[in-house]
Every structure is written in C-alpha cells, then in structure tokens.
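Heads up, the thing below is written out as structure tokens.
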Amino acid sequence: VKVKIPFGNKYLEAIFSVPEKKPTYGVILTHGAGGDMNFPHLVSLAAYLASHGVLCLRFTCKGLNVAYRTKAFKAVVEYLKLSDDYKLSGVFLAGRSMGSRAAASVIRQLSQGDDGGDGFVQGLVCLSYPLHRPKLQSKLRDEDLLLIRCPVLFVSGSADEMCEKQLLEGVMSKMKAPKKIHWIDKANHGMAVKGRTTNDVMEEINAQVFSWLRENVQLQHK
C-alpha cells in the first residue's frame with residue numbers, strides 16, 4: 001500500500017507491507033545515504049516480515065544530513081502511531097547504514113523527551129551501522145548508541161569498512177541497552193560476500209531480524 005506521509009510542507013514517499021492477519025507490531029524501515037526505500041535488501045526484509053505477521057512501513061528520505069533524516073523518521077513514527085488503519089501495540093525502528101544512525105537518533109531523542117518515551121517504540125535494528133568513516137576509526141559515531149535503553153540488534157558484515165568488528169564490540173560493551181549482534185561472515189558494508197548470492201545473504205539477515213523481533217515482542221508481554 002503506497003502512502004504519502006506529511007513532513008513539514010512536503011511529503012515522504014512510503015510503502016506499507018501488510019500481513020494477512022491483523023498485525024500488532026510494526027517495523028519502520030529506511031535506507032542508507034544512497035538509494036531509497038526500494039533498495040533490494042529493504043524490499044526483501046519488508047516482504048519477509050509481512051509474510052511472518054509483522055507490518056512493515058518503509059520510506060524514502062533523500063537528505064544526507066543526519067539531523068534532517070532524524071526529523072523525517074520522527075514524522076513517520078508519529079504518522080504510524082496516529083494511524084487509524086493500523087492500531088499497533090508498538091514498533092521497532094530499523095535502518096540501513098545512515099538510516100540506522102537516524103533511527104538511533106530518534107530513539108535517543110524520544111527517550112530523553114518529557115514523557116521518557118511512551119513505550120510505542122520498542123527497539124532498534126541497525127543493518128550495517130556506519131560506526132566510523134572508512135579508514136577513520138578514531139572518530140566513532142557512538143553517542144546515540146550509548147544513551148539508548150531499548151533493545152538493539154546489530155547486523156553487520158565482519159569485513160565492513162565502516163564498522164570495524166572490534167570497535168563495534170567495544171561500543172557494545174559500554175552500551176546500557178540489551179543488545180545483540182549478528183555478524184555476516186566476510187560481508188562488506190553493502191552486505192556483499194564473495195561466493196554467496198545476494199538472496200542467500202538476505203535470507204540470513206531477514207531470519208535473524210525476525211527471530212530477534214519475536215524474542216523481544218515476547219519479552220514485552222511476559
């Protein structure tokens with residue numbers, strides 16, 4: 001289902017992937033610095049989640065400024081929260097690369113808001129989180145991650161040139177949030193692995209994301 005989400009005086013293009021049964025949980029998904037919501041990995045993940053009963057709303061926001069992308073992401077969260085068509089108990093925010101930085105920033109801002117976050121946003125999925133610029137490991141983009149309290153899943157390539165394995169593990173050891181990481185062996189920032197098809201890698205990512213979501217939804221309801 002295609003929708004246009006109001007954002008300032010503009011609209012963000014977005015697509016709902018809707019499960020057959022009425023969903024109680026959703027995932028909001030966005031792309032990295034390049035590309036848009038039709039990036040193959042996002043399309044594949046959205047379809048997989050919808051087929052497993054999770055509503056997925058993916059959107060395009062072309063700005064290359066993280067603060068701008070964060071504002072757009074917030075507008076999408078608000079839109080879904082107030083939606084009459086889908087009454088959800090909660091959502092997880094997910095993004096690829098720069099999109100995951102924006103998602104982390106939204107969650108940090110919501111948790112520091114007056115209401116301390118109202119529990120609608122329940123977790124964060126970071127696909128290829130860009131922890132540093134290539135070859136610039138001294139400047140880590142970890143400030144949002146260290147302030148988040150909700151569960152976080154990282155899916156990263158062990159050969160990601162923007163997220164060195166030991167550095168991410170170091171940041172994770174300092175994080176206060178419940179966190180989990182799934183390393184895609186030998187994958188680069190674009191999740192390409194020599195000798196493996198894109199579909200094969202995407203299946204691994206999709207299954208990991210879904211099983212983590214399921215665990216965390218269950219934890220909320222015990």
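Computed from a predicted model, the values in this text were never measured in an experiment.
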Show which side-chain atoms of residues 27-36 pair as donor or acceptor with protein atoms under 3.5 Å away, not counting sequence neighbours.
residue	atom	partner	partner atom	Å
Thr30	OG1	Phe59	O	3.1
His31	ND1	Gly35	O	3.3
His31	NE2	Cys61	N	3.0
His31	NE2	Cys61	O	3.3
Asp36	OD1	Asn38	N	2.8

Worksheet item: Would you call Asp185 and Val193 a side-chain contact if the rule is heavy atoms closer than 4.5 Å?
Response: no
Discussion item. Between Ser128 and His189 (side chain of the first, backbone of the second, donor and acceptor by atom type, cut-off under 3.5 Å), is there such a pair?
Written reply: yes
Worksheet item: If you round to the nearest 0.5 Å, how far is CG of Leu136 from CE of Met162?
Response: 10.0 Å
Discussion item. Suppose we screen for salt bridge (charged side-chain N to carboxylate O under 4.0 Å, His left out). Which residues come up paired with Glu164, at least two apart in sequence or across chains?
Written reply: none
Practice prompt. Look at the side chain of Asn216 and the backbone N and O of Trp212, then say whether any donor-acceptor pair between them is shorter than 3.5 Å.
Written response: yes
Worksheet item: Which residues pass the salt bridge (charged side-chain N to carboxylate O under 4.0 Å, His left out) test with Lys4, sequence neighbours left out?
Response: Glu13
Discussion item. Under a 3.5 Å distance rule, please check whether Ser158 uses its side chain to pair with a backbone N or O of Trp183 as donor and acceptor.
Written reply: no
Item to complete: Identify the heavy atoms of Pro6 and Tyr79 that sit nearest to each other, and give their distance.
Response: CD-CD1, 4.2 Å
Practice prompt. Using salt bridge (charged side-chain N to carboxylate O under 4.0 Å, His left out) as the criterion, list what pairs up with Asp142, not counting sequence neighbours.
Written response: none
Practice prompt. Return yes if some donor-acceptor pair links the side-chain N/O of Ser105 with the main-chain N/O of Arg101 below 3.5 Å, else return no.
Written response: no
Discussion item. Salt bridge or not between Asp84 and Lys87? Use side-chain N to carboxylate O under 4.0 Å.
Written reply: yes
Discussion item. Is any side-chain heavy atom of Pro178 closer than 4.5 Å to one of Cys150?
Written reply: no
Item to complete: Measure the acute angle between the ring planes of Phe154 and Tyr129, then classify it against the limits of 30° and 60° as parallel, tilted or perpendicular.
Response: perpendicular
Worksheet, complete the sentence: Here the pair of heavy atoms bringing Pro40 nearest to Met202 is O-SD, 3.7 Å
Practice prompt. Could you give me the CA-CA distance, side-chain angles and deciding distance for Tyr25 and Leu88, then say whether side-chain contact (heavy atoms from CB on, under 4.5 Å) is met?
Written response: CA-CA 5 Å; Tyr25 284 87; Leu88 298 177; 5.7 Å; no
Discussion item. Which label fits Phe39 and His41: parallel for a plane angle under 30°, tilted from 30 to 60°, or perpendicular past 60°?
Written reply: tilted
Worksheet entry | From Arg149 atom CZ to Leu124 atom CG, the distance as rounded to the nearest 0.5 Å | 14.0 Å
Practice prompt. Search all heavy atoms of Gly119 against all heavy atoms of Gln122 and return the closest pair with its distance.
Written response: O-NE2, 3.3 Å
Practice prompt. Starting at CD1 of Ile181, measure out to CG of Leu153 and round the result to the nearest 0.5 Å.
Written response: 8.0 Å
Worksheet item: Mind checking whether Leu147 and Leu131 sit in one hydrophobic cluster, side chains of I, L, V, M, F, W, Y counted as touching below 4.5 Å?
Response: no
Discussion item. Can you list, by chain and residue number, the hydrophobic cluster partners of Ile15 when the side-chain cut-off is 4.5 Å?
Written reply: Met37
Worksheet, complete the sentence: Heavy-atom closest pair (Leu57 atom, Ala14 atom, distance to 0.1 Å) is CD1-CB, 3.8 Å
Item to complete: Give, for atom CE of Met98 and atom OG1 of Thr70, the distance between the pair rounded to the nearest 0.5 Å.
Response: 8.0 Å
Item to complete: Could I get the full list of salt bridge (charged side-chain N to carboxylate O under 4.0 Å, His left out) partners for Arg133, not counting sequence neighbours?
Response: none
Worksheet item: Under 4.5 Å between any side-chain heavy atoms of His132 and Lys139, yes or no?
Response: no
Discussion item. Is the distance between the ring centroids of Phe7 and Tyr68 under 6.0 Å?
Written reply: yes
Worksheet item: Quick one: are Tyr48 and Val54 in side-chain contact, heavy atoms under 4.5 Å?
Response: no
Practice prompt. Quick one: sort the Tyr86 and Phe16 rings into parallel, tilted or perpendicular, breaks at 30° and 60°.
Written response: tilted
Worksheet item: Of all heavy-atom pairs between Leu140 and Glu143, which one has the smallest distance, and what is that distance?
Response: O-OE1, 3.8 Å
Response to the item:
Distance col, row Arg96:CZ vs Leu127:CG, nearest 0.5 angstrom, shows 8.0 Å
Practice prompt. Let me see the working for Leu93 and Ile107 under side-chain contact (heavy atoms from CB on, under 4.5 Å), right down to the final yes or no.
Written response: CA-CA 8 Å; Leu93 306 191; Ile107 290 181; 3.7 Å; yes
Worksheet item: Do Leu12 and Thr60 touch side chain to side chain, with heavy atoms closer than 4.5 Å?
Response: no
Item to complete: Locate the shortest heavy-atom distance separating Met172 from Lys179; write the atom from each residue and the value.
Response: O-CE, 2.8 Å
Worksheet item: Is any side-chain heavy atom of Phe120 closer than 4.5 Å to a side-chain heavy atom of Val77?
Response: yes
Discussion item. Rounded to the nearest 0.5 Å, what separates atom CG in Leu49 from atom CG in Leu45?
Written reply: 4.5 Å
Worksheet item: Arg58 side chain to Ala46 main-chain N or O, any donor-acceptor pair under 3.5 Å?
Response: no
Worksheet entry | Cationic N near anionic O, under 4.0 Å, Glu204 to Arg196 | yes
Worksheet item: Do Leu55 and Ser17 touch side chain to side chain, with heavy atoms closer than 4.5 Å?
Response: no
